[in-house]
There are 2 protein chains.
Amino acid sequence: MNKLLGRAAELLQRRKETKYKQVILVRDDLKLPKGKLAAQVAHASVETVMKADQGVVQKWRAEGMMKIVLKVKDEKELLNLHHQADYHGLTSALITDAGHTVVEPGTITVCGIGPALVSRIDEVTGHLQLL
Amino acid sequence: MNKLLGRAAELLQRRKETKYKQVILVRDDLKLPKGKLAAQVAHASVETVMKADQGVVQKWRAEGMMKIVLKVKDEKELLNLHHQADYHGLTSALITDAGHTVVEPGTITVCGIGPALVSRIDEVTGHLQLL
């Protein structure tokens with residue numbers, strides 16, 4: 001718990017110095033094993049980077065590519081936030097797992113949003129907690 | 001354990017149908033919390049994608065962007081494999097964490113390799129286990 005608070009403080013500090021970020025939303029209900037989870041998060045990160053405005057991507061990269069992994073309760077909340085991101089004009093990508101072992105094929109696991117201005121992303125995901 | 005064997009079988013099956021992959025090597029000794037770990041893996045994934053041959057990146061993306069997260073024992077093994085990847089002409093990127101809470105600032109956490117042909121990556125990392 002102390003570690004989580006420390007990470008939150010670190011992120012708050014970095015947020016003040018950072019203009020751009022990317023967030024990746026993870027379904028907490030799936031309880032993915034950490035290797036699988038990391039691969040899905042990376043999938044979402046790369047996919048949204050490829051879809052995003054490349055000028056913004058370069059600015060974000062120059063700043064250190066801030067990425068924040070946040071948790072959502074379930075598929076319903078994930079889809080809702082994906083639609084909200086679209087509505088706010090933010091690049092986002094839902095990732096569906098093709099695997100057959102850890103989760104059912106076709107399970108929507110994570111959603112990447114951005115990179116975009118921190119303030120614009122916070123309008124949609126500012127209320128979520130760190131994974 | 002059954003889940004891990006299942007995942008290994010799934011990956012073996014996909015490997016037969018897949019020409020390109022990316023691997024991300026994770027230091028098992030750091031025991032990073034899952035959110036931090038996922039962000040570091042995503043960092044390595046994006047960084048190597050940006051450094052890699054973009055023609056290969058497009059082929060890899062068209063195939064479904066196979067990403068495998070593997071574990072290494074410690075920093076020494078990570079650095080050794082990074083150098084071996086370089087020696088074999090594979091794009092790779094070491095990621096250093098700038099944080100101040102979970103690990104010491106400047107700690108090398110993960111290493112991305114590829115995307116590249118599966119056979120070329122396996123020459124360097126084929127002996128490693130899934131995280």
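On a predicted model such as this, the values are computed, not experimentally measured, just so you know. Only heavy atoms go into these numbers, but all of them, side chains included; no hydrogens, no water, no symmetry mates. To find a chain, count down the sequence lines: A is the first, B the second, and so on, and within it residues start at 1.
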Notebook entry, point to check: Side chain, backbone, both or neither: which part of A/Glu47 has an atom under 4.5 Å from a heavy atom of chain B?
Noted result: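 For A/Glu47, backbone and side chain are both near chain B.
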Test side-chain contact (heavy atoms from CB on, under 4.5 Å), reference A/Ser45, set B/Val49, B/Val41, B/Val46, output is B/Val46
Answer yes or no: are there more than 12 heavy-atom neighbours, outside B/Gln58 itself, under 6.0 Å from its atom CD?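 Correct, the count exceeds 12.
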Looking at B/Lys51, I'd like to know if its NZ atom is crowded, meaning that more than 12 non-hydrogen atoms belonging to other residues, nucleotides or ligands lie closer than 6.0 Å.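 Counting other residues, nucleotides and ligands, NZ of B/Lys51 exceeds 12 neighbours.
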Interatomic distance, NE2@B/His43 vs CE@A/Met66, rounded to 0.5 Å, equals 10.5 Å
Looking at every heavy atom in both A/Gly35 and B/Val69, which two are closest together, and how far apart are they?
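Where A/Gly35 meets B/Val69 most closely, the heavy atoms are O-CG2, 3.7 Å.
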